[in-house]
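This report concerns only the one structure given below.
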Amino acid sequence: MKTQAYAATAADKPLGPYILERRAPRFNDVAIEILYCGVCHSDLHTARNDWGWTNYPIVVGHEMVGKVIAVGSGVSRHKVGDHVAVGTMVDSCQHCDQCHKGEEQLCREGNTQTFAGADRITGEPTMGGYAKHIVVREEFVLKVPAGLDLAKAGPLLCAGATTYSPLRTWNVGPGSRVGVIGMGGLGHMAIKLAVAMGARVTVLSRSPAKEADATSLGADAFLVTSDTAAMAQATSSFDLIIDTVPTQHDLNPYIPLLDVDATLCVVGQIGPLDELNSLPLLLGRRRVAGSAIAGVAETQEMLDFCARKNVLPEVEMIRMDQINEAYERLERSDVRYRFVIDMASLGQAEPVAA
Ligand code: NAP
Ligand code: ZN
């Protein structure tokens, strides 16, 4: 099936219209008309080849919400007309211990990423959600619970799942003291989810202008990270800190803010960090950890939790042809707090490449 999409063709070129070939549904596949797709900083990292593994052309996007338009003969979980979602993974080996536990993101053979991955059967590059359609095996298609606003739900699939998972791993609940570094797409979801779990949430941000928003999202406190006196006062005051900063940075100012046995979980920077001083780790038996996305079951649990608790991202809806401008704003941390592309806007322009 040919479908309209938007692709990056080089690290230094703007994204533009592109015709994408989607496979015909296999027996266990679901074909989806994409209605909305969130814009993650990982899309930008990939389009610009920040991680060095991008092959062009590439269609990014891994926060999709849409409608089932066809199913393979063996599909039992979804039917035509259902509202469904696709996140950051589209396949995994399905037989290792991690897949059996429902932690497909930790698949021993590596999960198949929604974009910049390789199809496990054909080896073809996987292409993401800046498109009108996608075809995905049924196990990796999530159900959008009734009542969740389709136009806003997309960012839950990555920003939501990626922050929900560490909150659950470290048993955040009523009374937990949670810090969130960086108030962007992931960060603002971390705030909302932790607040909904009953935690006391502090935002650690470079941007004093975001304080009012942090408060309205339910945060109890706001720490400007350049304010050394306020940072010093916060020593030993967190059970968990989730770090969403998207570039190489220094963790050393944050480690002393952890209480004894507490954890700083990196979810933002994928790659090197500045050199770490182990002394505050040893003295407080503190930990630095990492976490990537979430398994399928946990992602569904998060969607159901968000529907129950009425947790949704703050979104700025854009047209597909506004994506390059959106990337520039994302780079400047100038988004309140997640762009979502309305896919109805795609296809009005003529495709330029096939
Ligand atoms: P985003 O919307 O750009 O938010 C990042 C926030 O970090 C910014 O709003 C800003 O908040 C802060 N920040 C930005 N640059 C900074 C710098 N140089 N130093 C300190 N703080 C800085 O990005 P996002 O979509 O949330 O994604 C964040 C990162 O998570 C990206 O690198 C993305 O690739 C990664 N990611 C990881 C996973 C995973 O599985 N672990 C999943 C999805 C995304 P303030 O203005 O408040 O300081
Ligand atoms: Zn993402």
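Keep in mind it's a predicted model, so treat the numbers as computed, not measured. Whatever order the structure lists ligands and atoms in, that order sets their numbers, starting from 1. In this chain, numbering begins with 1 at the start of the sequence shown.
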Nearest neighbour in protein (non-hydrogen) for atom 28 (C) of ligand 1: Thr244 O, 3.2 Å
Beyond-backbone contact of Val30 with Val75, side-chain heavy atoms, under 4.5 angstrom: yes
Proximal atoms of ligand 1 relative to Ala292 (non-hydrogen, under 4.0 Å): 39 (C), 40 (O), 41 (N)
Which of the ligand 1 atoms, numbered from 1, are nearer than 4.0 Å to a heavy atom of Ile293: 39 (C), 40 (O)
Atom NZ of Lys210: over 12 foreign heavy atoms under 6.0 Å: yes
Close N or O approach (Gln269, ligand 1; < 3.5 Å): no
Heavy-atom nearest neighbour in the protein, as seen from atom 27 (O) of ligand 1, with distance rounded to 0.1 Å: His41 CB, 3.4 Å
Option with minimal heavy-atom separation from atom 48 (O) of ligand 1, where the choices are His188, Arg206, Gln105: Arg206
Residues Val311, Met189; criterion side-chain contact (heavy atoms from CB on, under 4.5 Å); working and verdict: CA-CA 9 Å; Val311 174; Met189 283 314 307; 3.9 Å; yes
Location of contacts on Cys158 toward ligand 1, heavy atoms closer than 4.0 Å: side chain
Interatomic spacing from CG in Leu156 to CG in Leu193 - rounded to 0.5 Å: 7.5 Å
Any His249 heavy atom less than 4.0 Å from ligand 1: no
Glu314/Arg336 under salt bridge (Lys or Arg N to Asp or Glu O under 4.0 Å): CA gap, chis, key distance, verdict: CA-CA 7 Å; Glu314 302 298 306; Arg336 302 277 192 277; over 6 Å; no
Ligand 1 to Met183 polar contact by distance, N or O atoms, under 3.5 Å: yes
For atom 37 (C) of ligand 1, closest protein heavy-atom neighbour: Val267 O, 2.8 Å
Side chain, backbone, both or neither: Trp51 near ligand 1, heavy atoms under 4.0 Å: side chain
Joint cluster assignment, Leu186 & Leu204, ILVMFWY side-chain distance < 4.5 Å: no
Sub-2.8 Å protein N, O or S atoms surrounding the Zn ion (ligand 2): Cys40 SG, His62 NE2, Cys158 SG
Minimum non-hydrogen distance to atom 6 (C) of ligand 1, winning option of Gly38, Gly184, Cys40: Gly184
Nitrogen or oxygen of His62 less than 3.5 angstrom from that of ligand 1: no
Atoms in ligand 1 with a heavy atom of Lys210 nearer than 4.0 Å: 9 (O), 11 (O), 45 (P), 46 (O), 47 (O)
Within-cut-off N or O pair, Val245 and ligand 1, under 3.5 Å: no
Proximity of Thr247 to ligand 1 by residue part, where a heavy atom lies under 4.0 Å: side chain
Electrostatic pair Asp119-Arg23, nearest N-O below 4.0 angstrom: yes
Side chains of Gln300 and Asp304, donor plus acceptor under 3.5 Å: yes
Close side-chain approach of Ile293 to Gln113, heavy-atom, < 4.5 Å: yes
Mode of Thr162 contact toward ligand 1 - side chain, backbone, both, neither (heavy atoms, under 4.0 Å): side chain
Distance-only side-chain donor-acceptor flag, Thr88 / His62, under 3.5 Å: no
Residues which pass salt bridge (Lys or Arg N to Asp or Glu O under 4.0 Å) with Glu139, listed by chain and number, not counting sequence neighbours: Arg137
Heavy-atom nearest neighbour in the protein, as seen from atom 47 (O) of ligand 1, with distance rounded to 0.1 Å: Ser205 OG, 2.6 Å
CA sep, side-chain torsions, deciding dist, call: Asp43, Tyr327, side-chain hydrogen bond (donor to acceptor under 3.5 Å, both in side chains): CA-CA 9 Å; Asp43 301 353; Tyr327 275 8; 4.6 Å; no
Check: Ser333/Arg206 side-chain N/O donor and acceptor closer than 3.5 Å: yes
Cationic N near anionic O, under 4.0 Å, Asp261 to Arg286: no
Under 3.5 Å side-chain donor-acceptor pair for Glu301 and Tyr164: yes
Residue portion contacting ligand 1 (non-hydrogen atoms closer than 4.0 Å) for Arg338: side chain
Which residue and heavy atom of the protein sit nearest atom 34 (O) of ligand 1, plus the separation: Ser42 OG, 2.7 Å
Atoms of ligand 1, numbered as shown, that sit under 4.0 Å from any heavy atom of Ser333: 8 (C), 9 (O), 10 (C), 14 (C)
Cluster check Val90, Ile69: I/L/V/M/F/W/Y, side chain < 4.5 angstrom: no
Any Gly290 heavy atom less than 4.0 Å to ligand 1: no
Sub-4.0 Å atoms of ligand 1 with respect to non-hydrogen atoms of Leu330: 2 (O), 3 (O)
Min N/O separation Gly268 to ligand 1 under 3.5 Å: yes
Any side-chain donor near an acceptor of the partner, Thr112 and Arg120, under 3.5 Å: yes
Protein heavy-atom partner closest to atom 7 (O) of ligand 1 - residue, atom, separation in Å: Pro246 CD, 3.4 Å
Side chain, backbone, both or neither: the part of Ala159 lying under 4.0 Å from ligand 1 by heavy atom: neither
Which residue and heavy atom of the protein sit nearest atom 26 (O) of ligand 1, plus the separation: Leu186 N, 2.7 Å
Close N or O approach (Gly185, ligand 1; < 3.5 Å): yes
Distance-only donor-acceptor check, side chains Asp213 and Tyr337, under 3.5 Å: yes
Short side-chain donor-acceptor distance under 3.5 Å, Asp321 and Tyr6: no
Test of proximity, Leu204 against ligand 1: N or O pairs below 3.5 Å: no
Check ion pair Asp97-Arg108 (N to O, under 4.0 angstrom): yes
